[in-house]
Amino acid sequence: MTEKRRLGVIGGSGVYSISLLENAKKIEVSTPWGQPSGALTTGILNGVEAIFLARHGEGHVIPPGELNYRANIDAMKQLGATDLISVSACGSFREELAPGVFVIVDQFIDRTSGREGSFFGKGCVAHVSMAEPVCRALGDAIEASVLALGIPHRRGGTYLCINGPQFSSRAESLLYKSWGADVIGMTNMPEAKLAREAELPYATVAMVTDYDCWREGGGAVEVAHILEVMRKNTEAAREMLGEISMRLGPTRTRSPLGIETALDAAIITPLEARDPKLVEKLSAVAGRALRQS
């Protein structure tokens, strides 16, 4: 069964717009969880309906720990997103993952704290699986796109997410590297978890800007250097998004992982015990499953 695709894109540091977006229109969206990072931009990207959100807001004014991740995902869902691609800057724990390499992430380690990590809670409890946190079909399209454009990349990698806004200490960097993490960032958690709760296929492209601070004899992470690499990454990311949209096309089929029905076996609270106020807040992200149960 095929359906119309509406590709959602969340742009991280450096990626604040999509220049190829035609018929662009900014839309202010209110959510039950508060306000998203800013207005969302809808339009057509190489024949595909698309929705774009700058994760940190216009002018990069919101730090990682103060992002309203729930509002961002809810707003995407309200506007009809069917798939979600995250583009994020990151540090590298691997010598071969040099600045400028794009990592198509397939796993996460969440080291954040204090962030609202679920749409569900007291009055309606759900437990979604995060064993396979990204959509393979989106990953395939990303991989084909970076190959076609000659962008240095690696398919597969573990993204470790910290609170920030400070970078890691050297001891932390060495610890995370010893755990088998490949890249480090500050924003993809709880974003990926919330996308799964909203039954949105999700994929991350982590664009390496630096080596964090684990390398012996290597310097500390410097913002000036990161910004220089980020400018180059941003141009490549915009080309990549255009290529991805062409490869995905205007229609889609459902994920073989069953992401679009992830809540069918996840909502534990029986109908008669659910809090009506919370159920109402969940209407955009979980309305399909709540109506069926």
Side-chain angles (χ1 to χ4, degrees), residues 3-4 6-12 25-42 49-58 61-86 110 112-130 133 135 161 163 186-202 204 259-293:
E3 60 184 2
K4 181 181 284 188
R6 204 157 207 219
L7 178 64
V9 177
I10 297 180
K25 179 182 177 183
K26 286 192 174 183
I27 300 176
E28 298 283 351
V29 180
S30 295
T31 85
W33 318 98
Q35 292 303 117
S37 295
L40 287 81
T41 304
T42 63
E49 291 188 16
I51 311 162
F52 178 82
L53 175 66
R55 184 186 283 115
H56 297 280
E58 289 189 19
V61 294
I62 311 172
E66 295 181 36
L67 290 167
N68 192 336
Y69 294 93
R70 293 190 297 183
N72 288 347
I73 298 298
D74 188 287
M76 280 284 178
K77 193 78 173 181
Q78 282 192 50
L79 293 185
T82 57
D83 311 88
L84 193 56
I85 292 177
S86 160
D110 187 356
T112 64
S113 61
R115 301 181 182 186
E116 295 289 352
S118 177
F119 291 109
F120 295 88
K122 186 176 180 181
C124 191
V125 178
H127 302 282
V128 296
S129 172
M130 290 296 293
C135 173
C161 192
N163 265 356
M186 302 178 187
T187 58
N188 278 200
M189 282 289 166
E191 188 176 270
K193 292 177 179 177
L194 294 167
R196 181 57 56 89
E197 287 189 346
E199 301 185 322
L200 275 173
Y202 178 90
T204 286
I259 297 169
E260 296 89 344
T261 54
L263 292 175
D264 281 358
I267 300 174
I268 306 299
T269 308
L271 184 63
E272 65 275 11
R274 293 173 189 169
D275 178 357
K277 290 183 179 178
L278 180 53
V279 168
E280 185 178 352
K281 290 177 73 173
L282 290 164
S283 61
V285 296
R288 181 204 66 80
L290 290 167
R291 285 190 297 271
Q292 291 189 70
S293 58

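Fair warning: this is a prediction, and the values are worked out from it, not measured in the lab.
The salt bridge (Lys or Arg N to Asp or Glu O under 4.0 Å) contacts involving residues 273-285 comprise nothing, where partners must be two or more places apart or lie in separate chains.
Of the possible polar contacts, none joining the Thr42 side chain to the Ile51 backbone as a donor-acceptor pair under 3.5 Å is found. Checking side-chain atoms of His56 against main-chain N and O of Ile62 turns up a donor-acceptor pair under 3.5 Å. No side-chain donor-acceptor contact under 3.5 Å links Arg115 to the backbone of Pro190. Glu199 places a side-chain N or O within donor-acceptor distance of the main-chain N or O of Leu263, the cut-off being under 3.5 Å. Judged by distance alone, with hydrogens and angles left aside, the side-chain atoms of Asp74 form no donor-acceptor pair with the main-chain N or O of Ala284 at under 3.5 Å. One N or O on the side chain of Asn163 and one on the backbone of Ser113 form a donor-acceptor pair closer than 3.5 Å. Within the 3.5 Å criterion, the main-chain N or O of Arg55 finds a donor-acceptor partner in the side chain of Ser37.
Under the 3.5 Å distance criterion, with hydrogens and angles disregarded, no donor-acceptor pair is assigned to the side chains of Gln78 and Thr31.
Taking both residues in full, the closest heavy atoms of Met76 and Phe52 are given as CE-C, 4.3 Å, listed atom of the first, atom of the second, then distance. Taking all atoms of both residues into account, the shortest heavy-atom contact from Ile259 to Pro201 is CG2-N, 3.6 Å. Nearest heavy-atom pair across Ala262 and Val128 is O-CG1, 4.4 Å. For Glu116 against Leu194, the heavy-atom pair with the smallest separation is O-CD1, 4.1 Å.
Asp83 pairs by the salt bridge (charged side-chain N to carboxylate O under 4.0 Å, His left out) definition with Arg5, Arg252, not counting sequence neighbours.
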